[in-house]
Every structure is written in structure tokens, then in C-alpha cells.
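For reference, the structure is listed below as C-alpha cells.
Each chain gets a letter, A, B and so on, in the order its sequence line appears, and its residues count up from 1.
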Amino acid sequence: MQTQHFFIVGDPLILGADISIILVSAAIIFVLTYFKKWGWLWREWLTTVDHKKIGIMYFISALLMLFRGGVDALLMRLQLMFPNMNLLESEHYNEIFTTHGTIMILFMAMPLIFAMFNIAVPLQIGARDVAYPFLNAVSFWLFFFGALLLNLSFVIGGSPNASWWGYPPLSELTFNPGPGENFYILSIQISGIGSIATGINFLITILKMRAPGMRLMDMPLFTWSVLSSCIVIIAAFPVLTVALFLLFMDRFAGAHFFTMTHGGDPMMYVNLFWMWGHPEVYIVVLPAFGIFSEVVSVFSKKVIFGYTSMVVSLLLISVYAYFTWVHHFFTMGAGADVNTFFSISTMLIAIPTGVKVFNWLLTMYRGRIRMTEPMLWTLGFIVCFVVGGATGVMLSVAPADYQYHNSYFVVAHFHNVLIGGTVFGMFAGMTYWWPKIFGFKLNPTLGKWAFWLWNIGFYVCFMPQYALGFMGMTRRIYTYPDDMGWTPYNVVSTIGAFIMALGFVFQVWQIVYSAKRMDRDVTGDPWDGHTLEWSTTSPAPYYNFAVIPKVEGRDAFWKEKKKRSQPDYKPEKRELKPIHFPKNSGIPFIMGVCFFIAGFGLTFHWVWLGVIGLIGVAATLYARSFQYDTEYVIPVEEIKKTEAALGRDI
Amino acid sequence: MAHAVETGVKHEDHESIKIAGFWIFLVQDVLLFATLFATYVVLRNHYAGGPTPKELFDVPGFVAETFILLTSSFTSGLAALQLNKKSVGGLITWLVITGVLGLAFLGFEINEFTNMVQEGATISTSAFLSAFFTLVGTHGAHVTLGLGWMLGLIIQLARRGITPVTSRKVSVLSLYWHFLDAVWIFIFTVVYLIGVM
């Protein structure tokens, strides 16, 4: 391969990115070296198996990816703002909508929900860590290096350009000979292994690691939502793995699964992709439902309305998720009977979702509502999600879908449910659990600015797109003539995108400002919470609980606080014992590097490099298998010292 | 919320938690194979002018393969019996026999693939052959991985004897091995038997 094809040069935007990547990397290396922080970085972060630190790393990566995907979105909106714009060429526009979708779903939404899994689940169920702390670190580094591989395509080799779903035959070698699609396949494959491992890890954590006394039906609803999300991950991700693997075989080994010749069938890929793709949207939205349930109950000072129906509807959604995939391509021509089945199954999903919305509303009814920032995000979500849900039901009507298909109506719908559902949900979770993780609250004034800018920007951006869809504007077009009548709507939509971008700026400002100015939370329970994560200190010590709590029923910590306020309350004697704890390990990070090397080699068809990387992966697996001394004991003295430093006497 | 005095998960629980996780791993592996089977069934008549299963599949060959793999599943069961008897020597012996049978199975499979490629039936010939090589090859790759794993475990058993950790590892490996056997039964039926019928 020639150098000018290897390093992408010539486009000023990419040249700018090259320069900024080099400058930022140089600055990071300089700062780490100057302050002698390399050892700290390795000991405290790169080798950690602590679920809270892994959660923080997921969170930071997700925010970075939100920035990258957001810049892609702003570029697209600028290009579409006026007719006949020349900001982006068609090829560049194709690459940008591809990376925008891929990054936002797989490298922003997924790590963001995993951040919340890691931060909250072990604390909520009264556990000291997840079931497999080492595997948890492996999952993170596979995600991280997968994301790195995809982002590298921007400056080396060229970005994928066949949309985030990579439909053949467009994504086949014949029509797409460059390395872009290889980057797409291999980066998702690498991070996908990590996602499956996370699904297994948290399923077993929830089933096996709960504090004594906590029955399944006593679990906080966020934990339930993670359980149902994990079930969907375990059942859906293998299908994506196979779909991408088969596409890889087509491109790499000359197979004919999805080609137009030799008996291949491109629609097979489309079916497989959406058998994962539709459940995937439930994977990212179910945890958001869980967060809203926690927030609504705490800030209305009530127990959640209809706990059992909440659990049942979560589980129903995770089952229904598998029976709707064909609604993404009613126009395939599967026939009236097939389309009718998938039409009805899609409509059915609205029922459990509706149950949840009514339960949230009824929890607030006659509650003592506190308008905190997490609560604002929740209220914003309810309105937004009802609109998105209603347009979803419109889309589920197969005959009508022939009209909406591939139009901006669809674009508006899924942003409506993904931003209004997942993103608002994760922001609610971020502001809610922030004090637990970092030991201080986020500044509410800046947070409210961020909320209103996001919320208003959202409607300004996406409501016009529903209209544009009706007016016939199709997805993925990079420009349009000026006599279509679309211009005013596109101008408004672009303005909305920039309002949301301003909201993001406020969030970053809020985080930086709060880190400097906000008071430390010394109570460990800044919101008057109901669940166990608020019973330990903020931030939680690395072993989470000095003594494993014993649980009686739902909202365990709330009950405990009520008991404590009784006049005849006598605190029970809590006896400390040494804790067995997993040792940090560098193997997950090295395994991630090996996967990255293998992925990079295979992307460019450098088999030798791919083989070296895979040998490295096998070597790290072997090294771990031969490691027996993986735990250490925290003595009672150290627990006492740590607790005292956090202001708790034992 | 009275505070219990226990300090976390006991060591034996650790091992049972790991076995539970491996069951869930097998669930996702079942789905992975199910997807490959579905693809194979959709594409199995797409010969595109290339050879058909009847022309390609060698009945004595795949029957021998099947018997070898079934036997290896049986011997890995015998290894598990030695584990219960706490006999390291017996355990290692039966694991070695299982591994040798696994290698023989792989030898047959590689031989079969090589013959087909030499006859001009490659992965690029038709969608049917793409699906065939990928499905059967994925199973073969699983067997190869299992053999590497078995080798590592035999070394650990020789060094450490039977401990809670090594016996959990043997249990997990034998689960994996039986699982591969079950997948092969489906390959034997769906690919080979229906193919030559």
C-alpha cells in the first residue's frame, strides 16, 4: 500500500484532525512525564480491576466518543443547512454519517450504560465487586481498543462509508475495496467480545452476589433493568458476531455469503444484523428505564408505584425485543403475512412501555417532588419518549411504513427515542450517582442550563425532521436542490443541533466547575436515597462496604434510616473481618493491545501482523490461566484506617 | 438492616460462581452456532453450479469423525470420574486420551477439507460451500481451542494436583467438551446426513 493511501492527507478537516491528535498526544505524554505520573496511571487505572474505576473509565471514554460523534453530527447538519452546500463532498459525507451512527450506538451508548452498570450495580446489591473483576477489566480494554481502532480509520486508511449497519453488497469487497469496512467489522467485533463478557458478568453478579436477605423481588429497579439488559446482550450479541464474521469471510477469504454472485444472499445479512440491531436499542434503553425508576421514587419521596408490574414489563420488553426485527425492512417484500406478524409484535411493545410511563406518573402523583437535576432529565424524558413512542407506533403500521421508509421521519423517530430515552437517562444517572463516585454534587445551576439547552435544542432539531420526512427528504442524501421547499426546515434543524452542542459545553463546564467549587459530600447520602449505594461513604471505599449489609425487603437503606430515627434504636455491633480482594492485573490491558494489533493487521490484510496479535491474545490467556495467586487479604487494621479517613467510626 | 458478620464470598462459592458464568457463556455459544446453522440452512441449496453435498461428502470419513468425537466425550466423562476419586494420575491419563482423540478428529477434518479444496470445492465456489466451511470450520476452531486449553490444564494438574481451583477448571473444560460434542451431533445430522440423503 502506498503511503498517501495509508495516511489520509489532502482534506483540510482531516489534516486538522491529524495535527490536533498529534498535539493532544504530545501534551498528554508531556504532562504525564513532567509530573511523573506514568506509574500512577499504570497502578491506579490501567491495571485496575475495581468496578468503580472501570466505570469512570467507561464514562470518560463515552463522553469523548459523544464529542466525536457530536462533531460528526454538526458537520452533517452544516452540510444540509442550505441547498447545494459544498462543505463536505459526497464521499466524505458518507463516511461521516457512517462513523456518527457506529460511534453513537456502539462506542458511546454502550460504554455509557456500562459505566452506569459498573458504578451502581455492585453498590446497589451490597456486593464488594462484580462476579469476575478481572473479566470486567478485559471487557473495558476490549471496548477501548475497539473504539481506538475505529477512530484510527479517520486518519489512517480511510473511514467506513457503508452506513452504521454496513449492508452488503455495498460493504462487499467489489464495491468497497478500501480498508474502511475492515476497520468497521474488526473494531465492532473486538468491542463486541467485551460486551458479551459484560453481559455474562453482570447477570451472574446480580444472580449470585446479592447481600444476604435481598431476594430477587427486593432488588432496586435499576438492578432489574440491568438484569434484563444483560439477558438481551447475551442473546443478541452472538448474532452480530456471526453477521460481521460472515461479512469478514466474504471480504477476507472470498466467501459468498452476501455477494450478488455465486448464490450469496445480501438480505440474509440484513436479517441477521437487525436480529441483533433491534434488541440492541432495548439493551441501551432498558437501563435508562431503571435509572428513571430510581430517580422518580427518590425525588418524589415515595416507593415506586407498581414495582411488580415494572419488573414484569422490563422482562416482557426483553423477550418481545426478538420478535420485531423485520420492521426495519418491511419493504424487503416478505409478504403480507410476515409483515403483519412483525407489525403487531412491534405494536405490542408499546404496552409494557406504556405501563412503565403510567407507573412513573403515578409515583409522582401526590409525592413530595424535588426538582433536582436528575428529576428534570426524567421529566424531559417522559415527554420526549411519549412523542418518540407514538411515532414508533406510526412506523409499525407496515403499509404506512412503505411511505416513511428511508425518510427523515425515521431519522427523527430514532433520535427521539435514543436521545430522549438513553441519553437523557444516562445524564439523569450521571447527575444522580455523581456524588457517590466523586464525593461532590454537580453544580445544579449549570446543570439546569445544560438540561434546558439539550431539551429545547432537541425539539428544534428533530421536530422539523418529521416534517421533512413527510415532504420526501430521504436519509443519507448529502445535498439537495433549492426548489424542494426543504430549506427552512433544514435551517431550523441545524440551529437545534447547535443548541444541543451548547448544552454539551455546559455539561463539560459543569463538571470542571463542580470539581473545583462544590463542597464535599460527607454524609454519603446527599439525596436522601432509598437503596444500599447511599449507605456507604462518598466516594465509596475500594472494598465498597466495611461490613456486608443485611437486607430486609425493598428500599433497604430507607427502611434502615427509619429504624435509626426511632427513639429506642440501638445500633447493632458490627464486627470487622479481613476481606479477600482481587489483585490488580496488567493482563487485560496487554490483551487489549494484542487484540488491537491483530485487528489493525487484518484491516490491512497484513496476515503476519494479525497472527502476531492473535498469538499475543493466546499468550495472555495462557498467562492468566497459570496465575494462581490472584487475591490478597485486606487486614482489619487497614479497613479501620480507611473508614476513619472517610469519616466513619467502626 | 442488621449487619451480618460475614466478609464476602467464600472460596468454594467463588468456584461455583465461575461454573455458573461458564454455563451462560455456553448459552451465548449455542446462539452463535444457531446463527451459523440458520445461515447454512438458508444457503444450503445455493450451489451456483458448483458441487453438491452428495458429490462431496465421504460417508466413511464423517462417520469415523463422529465416532471419534463421541468417544472423546465419553473419555472426558471418565476423566471427570477420576476427578471425583481424587486420582490425579487417572485424571491426567484420561485427559490425554481425550486430547489424542480430539487431535485425531481434527486430523480427519483437515484431511476432508484439503481433499475438497483439491477437488476444486473451495470456500469461494458457492454460497453453500461458504456456509459449509464456516460452520464446520468454526466447530473445528472450537475443538482446537479446547485442545490448547486441555494441554495447559494437564500441565497445571501435574504441578498442583487436585485443588478446588483445578477441579473447577476440569469441570468447566468437560462442560465445554460435551458441548462441542452436542454441536457436532447437529452438524452430523443437518449438514452430513441430510446432505447425502
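Ring geometry for B:His139 against B:Trp184 counts as tilted: the plane angle lies between 30° and 60°, on a 0 to 90° scale. In this structure, A:Phe248 and A:Phe252 have parallel ring planes: the angle between them is below the 30° cut-off, well short of the 60° mark. Ring geometry for B:Phe179 against B:Tyr176 counts as tilted: the plane angle lies between 30° and 60°, on a 0 to 90° scale.
Listed options A:Asp129, A:Leu621, A:Ile204 were ranked by heavy-atom pairs under 4.5 angstrom with chain B; first place goes to A:Ile204. In terms of heavy-atom pairs under 4.5 Å with chain B, the best-connected choice from A:Met268, A:Lys561, A:Met249, A:Met275 is A:Met268. Ranked by non-hydrogen atom pairs under 4.5 Å with chain B, the options A:Asn271, A:Val239, A:Leu135 are led by A:Val239. Of the listed residues (A:Phe545, A:Tyr622, A:Tyr628), the greatest number of heavy-atom pairs within a distance under 4.5 Å of chain B belongs to A:Tyr628. Chosen from B:Thr39, B:Val30, B:Leu145, B:Asp29, the residue pairing most often with chain A at heavy-atom distances under 4.5 Å is B:Thr39.
Checked against a 6.0 Å centroid threshold, the rings of A:Trp325 and A:Phe273 do not count as neighbours. With ring centers used as reference points, A:Tyr542 lies under 6.0 Å from A:Phe581.
The backbone N or O of A:Tyr132 lies less than 3.5 Å from a partner atom in the side chain of A:Asn201, making a donor-acceptor pair. For the pair A:Ser229 (side chain) and A:Ile283 (backbone), a donor-acceptor distance under 3.5 Å is present.
Contacts of residues 40-58 of chain B with chain A at a heavy-atom distance below 4.5 Å involve B:Val42, B:Leu43, B:His46, B:Ala48, listed in sequence order. Identified by a heavy-atom distance below 4.5 Å to chain B, the contributing residues of residues 253-260 of chain A are A:Ala253, A:Gly254, A:Ala255, A:His256, A:Phe257, in residue-number order. Near-neighbour residues of residues 115-138 of chain B relative to chain A, defined by a heavy atom under 4.5 Å from a heavy atom of that chain, comprise B:Ile123, B:Ser124, B:Thr125, B:Ser126, B:Ala127, B:Ser130, B:Ala131, B:Thr134, B:Thr138.
No salt bridge links A:Lys550 with A:Glu560; every basic N to acidic carboxylate O contact stays at or beyond 4.0 Å.
In this structure, the portion of A:Leu272 lying under 4.5 Å from any heavy atom of chain B is its side chain and not its backbone. With a threshold of 4.5 angstrom between heavy atoms, A:Tyr543 does not approach chain B through any atom at all. Within the 4.5 angstrom heavy-atom criterion, no atom of A:Ile233 approaches chain B. Heavy atoms of B:Lys18 lying under 4.5 Å from chain A belong to its backbone as well as its side chain. For a residue to count as touching a neighbouring chain, one of its non-hydrogen atoms must lie under 4.5 Å from one of that chain's; by this rule A:Val242 touches chain B with the side chain only.
A side-chain donor from one of B:Thr75 and B:Thr98 sits under 3.5 Å from a side-chain acceptor of the other. Of the N and O atoms on the side chains of A:Glu631 and B:His14, at least one donor lies less than 3.5 Å from an acceptor on the other residue. In this model, no donor atom of one side chain and acceptor atom of the other lie less than 3.5 Å apart for B:Ser174 and B:Ser76. A side-chain donor-acceptor contact under 3.5 Å links B:Ser72 and B:Trp177. Checking B:Thr163 against B:Thr166 by side-chain atom types alone, a donor-acceptor pair falls below 3.5 Å. In this model, a donor atom of one side chain and an acceptor atom of the other lie less than 3.5 Å apart for A:Ser625 and B:Gln156.
Test A:Arg128, A:His51, A:Glu533 against A:Asn544 for side chain to side chain donor-acceptor pair (under 3.5 Å) and you get one pass: A:His51.
A 4.5 Å side-chain heavy-atom check between A:Leu246 and A:Tyr269 finds every atom pair outside the cut-off.
Residues A:Pro582 and A:Tyr632 approach most closely at O-CE2, 3.6 Å, considering heavy atoms.
With sequence neighbours left out, the ring pair (Phe, Tyr, Trp, His ring centres under 6.0 Å) criterion links B:Phe25 to B:Phe22.
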